[in-house]
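Side chains are part of it too, since the values below use all heavy atoms of this structure and drop only hydrogens, waters and symmetry mates. Computed from a predicted structure; not experimentally measured. Chain letters run A, B, ... following the sequence lines, proteins first, then strands; residues in each count from 1.
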There are 2 protein chains.
Amino acid sequence: MSHAEKEITRIMSILTSAIAEHRLPPGTRLKEEVIAGLLEANRNHVRAALRRLAIEIKVVSLVPNKGARVAQPSRDEAKDVFSARLVLEKAVVEQAVAQMSPAKANALLKQLEKEAQAIRANDRQRMIRESGEFHKLIAQISGNRVLAELLEGLITRTSLIIALYQETTDVKCALEEHQRLAQALIDKNPDTAIALTEEHMHSIESHLQLDLVEKEIDLGLALGVNFSV
Amino acid sequence: MSHAEKEITRIMSILTSAIAEHRLPPGTRLKEEVIAGLLEANRNHVRAALRRLAIEIKVVSLVPNKGARVAQPSRDEAKDVFSARLVLEKAVVEQAVAQMSPAKANALLKQLEKEAQAIRANDRQRMIRESGEFHKLIAQISGNRVLAELLEGLITRTSLIIALYQETTDVKCALEEHQRLAQALIDKNPDTAIALTEEHMHSIESHLQLDLVEKEIDLGLALGVNFSV
DNA sequence: TGACGATAAATTGTTAACAATATAGTTTGA
DNA sequence: TCAAACTATATTGTTAACAATTTATCGTCA
């Protein structure tokens, strides 16, 4: 891995974390020079990182000549992401059960403890991060690198969607659901594990406002003005 | 979409087709200048395209300072790709059944006819292409853009894997399996469609030599020389 | 002969200057 | 006062020159 690639992935991962952990809200302008200055990086590298985030994970949106912003996925896109993620999560859980071992069980328990710590500390960002890490750990345990990589992108994307469409600002505490899922994995109980995954994902999605119609706003109405003849 | 982006996607799609249709065998050296000359493109654009093919679809492998080649995925990677693809294909088939309509049924039949034509013409490359298009069409019919995009990458990747690990050089004729699957979709029979998908994917994979161990070759033995003291 | 090293050529990798565009600010005129 | 036109600044986009590295060529010498 060349120096340039290292730089680009470094920048990508800093931006990705910031977006996933809701430190950079959807719509935030991302100026190349500003980022380069903050991260002590070359603008070319920042530029490349932004393009990759736009194309590979779609957490950044690019408008030609106008630059980059944190993406604002539509409700339709959000639904597709959730649906796709559910597919991958179930597959990964199923394969993870087959790969279960004492060491892996231990890794799961350790991760749950991190999540619990974040909650006790009332550290919102850490909660989001560790919750994501739990899902990534399952993907890793599954042993299928391809599935894991695809899922990882969707997990980040989901986090952005939550930032955009979750009404209550308080983090949905998923610890209990995670604990039950982990137990099913450790018990090598695929049916339960898959069922819990399904519940868990639906539970997250149900806290989102994805079913409001993308409203064409009547400007006149909104401004209390009537232009009709 | 800017001019540069258009150029890059143009180059990507030309290279992708060439790799997927086995005109560029695994391991082929891909020199930036040569490609730029052939496609009348800027080397910078070629370079960007190669990098994206390496990162996004993994049909190209990059070695720093040594350039790009058509990738040669390992047997392990190939297995993961097949496993992941099966997951996505099943999901997409399931969602496609729910989206079925006369127009979409028609599109499926039209695509099958293209495949049949390719076979009648004994045009190997067209056979590969149209076979891939059949799977992409189902993904598109499913209506889930996210799943479709992920699957599309895996379809291309699969084609490269087949080039690498299929012993018989003749294209495995999948028309009948495609016809049966299409019928199940048109009949809105999800169970049959999913079962046929599973069979179809396994059938393809079974024609590959993925279970030979990645052998550590004993050089001395291979050369008939014994260096032992 | 053929191993070694030096030189040249080919190829990839990097960068900073420049161009193009968008945004903000300022002047002017009615 | 306001809008339009103009200017200046900020920001993104492009490129070609250059640097670094690898590969090929050639000559030397043991």
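Applying the side-chain contact (heavy atoms from CB on, under 4.5 Å) test between B/Asn144 and each of A/Val87, A/Val81, A/Asp80 identifies A/Asp80 as the sole match.
Computed from coordinates, the B/His3 NE2 to D/dT14 C1' distance equals 10 Å when rounded to whole Å. Atom-to-atom, CG of A/Asn65 to C1' of C/dA22 comes out at 7 Å; the value is rounded to the nearest Å. The CD-C1' distance, from B/Glu32 to D/dT21, rounds to 13 Å in whole Å. Taking atom CZ of residue A/Arg43 and atom C1' of nucleotide C/dT15, one finds them 11 Å apart after rounding to whole Å. With rounding to whole Å, A/Leu30 atom CG is found 17 Å from D/dG13 atom C1'. Rounded to a whole Å, the CD atom of A/Glu7 is 14 Å from the C1' atom of C/dT15. What separates NZ of A/Lys6 from P of C/dG13 is a distance of 15 Å, to the nearest Å. Atom CD1 in B/Ile8 sits about 12 Å away from atom P in D/dG13, given to the nearest Å.
Checking C/dG13, D/dG13, C/dT12 against every side-chain atom of B/Glu33, the shortest atom distance belongs to C/dT12. Taking the side chain of B/Ser2 as heavy atoms from C-beta on, and the options C/dT14, D/dT14, C/dG13, the nearest nucleotide is D/dT14. Among the nucleotides D/dG13, C/dG13, D/dT22, the one closest to any side-chain atom of B/Pro64 is C/dG13.
Proximity of a side-chain donor or acceptor of B/His22 to a complementary backbone N or O of B/Ser159 within less than 3.5 Å is detected.
Heavy-atom nearest nucleotides on DNA chain C were determined for B/Lys31 and for B/Asn44, and the one closer to the 5' end corresponds to B/Lys31. Projected onto DNA chain D by closest heavy-atom contact, A/Gly67 and B/His45 fall at different nucleotides, the more 5' of which corresponds to A/Gly67. Toward the 5' end of DNA chain C, the nearer of the two residues B/Lys66 and A/Arg29, judged by each one's closest nucleotide, is B/Lys66.
In this structure, A/His178 and A/His200 have perpendicular ring planes: the angle between them is above 60°, well past the 30° mark.
B/Arg51 has a side-chain polar atom (N or O) that falls below the 4.0 Å cut-off from OP1 or OP2 of C/dG13. Within the 4.0 Å cut-off from OP1 or OP2 of C/dT14, not a single side-chain nitrogen or oxygen of A/Asn42 is found. Phosphate proximity of D/dT12 to A/Arg47: absent, as no side-chain N or O sits under 4.0 Å from OP1 or OP2.
Judged by distance alone, the side chains of A/Gln95 and B/Ser83 do bring a donor and an acceptor atom under 3.5 Å apart.
Atoms CG and CG, from B/Leu160 and B/Leu164 in turn, are 6.5 Å apart once rounded to the nearest 0.5 Å.
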